[in-house]
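Working notes, beginning with the structure itself.
All of these numbers come straight from a predicted model, not from anything done at the bench.
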Amino acid sequence: MHGIVLFAHGARDPEWARPFEAIRDIVRARRPEFPVELAFLELMTPNLPDAVRALAAKGVAAITVFPLFMAPGGHIRNDLPRIVEELRAAHAGLPIAVQTAVGEVPEILEAMAAWVLDGVG
């Protein structure tokens, strides 16, 4: 069983999380065999360590973290690798992989550009 963590920044306004909750719910509905957790870097819960602990408690054999960040700024280049290394040390034997930030995925950028162009006719 492979676990998925959707990792977003977090905000003070709870409404900010709605799109990320929707992504989580879509992934769960389409692939119920994959346990999915939503985690935040700051200001919201759960954080990434708590999400990984929840998946580990479910007995997953591996985890992939999907950063839902548009750009690979300091949080993706510095904070995320540090946190993941700490998690790998804390969960020895549980492989934890990290995907590219969503804003670096060509298909997603193409879909966003198409949305913009569709909006202007």
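Within the 4.5 Å cutoff, the side chain of P67 has no heavy atoms near those of the V102 side chain. Between E21 and L38, the closest side-chain pair of non-hydrogen atoms falls below 4.5 Å.
For E110, the CD atom sits in a loose shell: 12 or fewer heavy atoms of surrounding residues, nucleotides or ligands are nearer than 6.0 Å.
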Practice problem: Start with the C-alpha distance between L87 and L48, add both sets of side-chain angles, then the distance that settles side-chain contact (heavy atoms from CB on, under 4.5 Å), and finish with yes or no. | Solution: CA-CA 9 Å; L87 290 168; L48 188 53; 3.8 Å; yes
Exercise. For salt bridge (Lys or Arg N to Asp or Glu O under 4.0 Å), just list the numbers for E85 and R82, CA-CA rounded to whole Å, side-chain angles, deciding distance to a tenth of an Å, and then say yes or no.
Key: CA-CA 5 Å; E85 284 308 312; R82 177 186 48 79; over 6 Å; no
Self-check item: Test log, rule side-chain contact (heavy atoms from CB on, under 4.5 Å), inputs M112 and M70
Solution: CA-CA 11 Å; M112 292 174 77; M70 284 304 298; 3.7 Å; yes
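Evaluated for a side chain to side chain contact (heavy atoms under 4.5 Å, CB included) with L41, the options L80, I76, N47, I83 yield exactly one hit, I83.
For the atom pair CG of L55 and NE2 of H91, the computed distance is 9.5 Å after rounding to the nearest 0.5 Å. A distance of 8.5 Å separates CD1 in I108 from CG in L68, rounded to the nearest 0.5 Å.
Counting all heavy atoms, side chain and backbone alike, T64 lies closest to H2 at OG1-NE2, 2.7 Å. What you find for A101 and F69 is that their closest heavy atoms are CB-O, 3.4 Å. Minimum heavy-atom separation, V5 to A39: CG1-CB, 3.8 Å. Of all heavy-atom pairs between F66 and Q99, the closest is CE2-CG, 3.3 Å. Between K58 and M1, the closest heavy-atom pair is O-CE, 3.1 Å. P14 approaches M44 most closely through the heavy-atom pair CA-CE, 3.7 Å.
Linking ILVMFWY residues whenever their side-chain heavy atoms come closer than 4.5 Å, directly or via other members, leaves I63 and V27 in distinct clusters. No continuous path of ILVMFWY side-chain contacts below 4.5 Å connects I26 to V65, so the two sit in separate hydrophobic clusters. Follow the hydrophobic side-chain contacts under 4.5 Å out from V36 and you reach V105 in the same cluster.
Here the two rings, on F40 and F20, have centers that are 6.0 Å apart or farther.
Checking side-chain atoms of R24 against main-chain N and O of L6 turns up no donor-acceptor pair under 3.5 Å. With R88 contributing its side chain and I96 its backbone, the two residues share a donor-acceptor pair below 3.5 Å.
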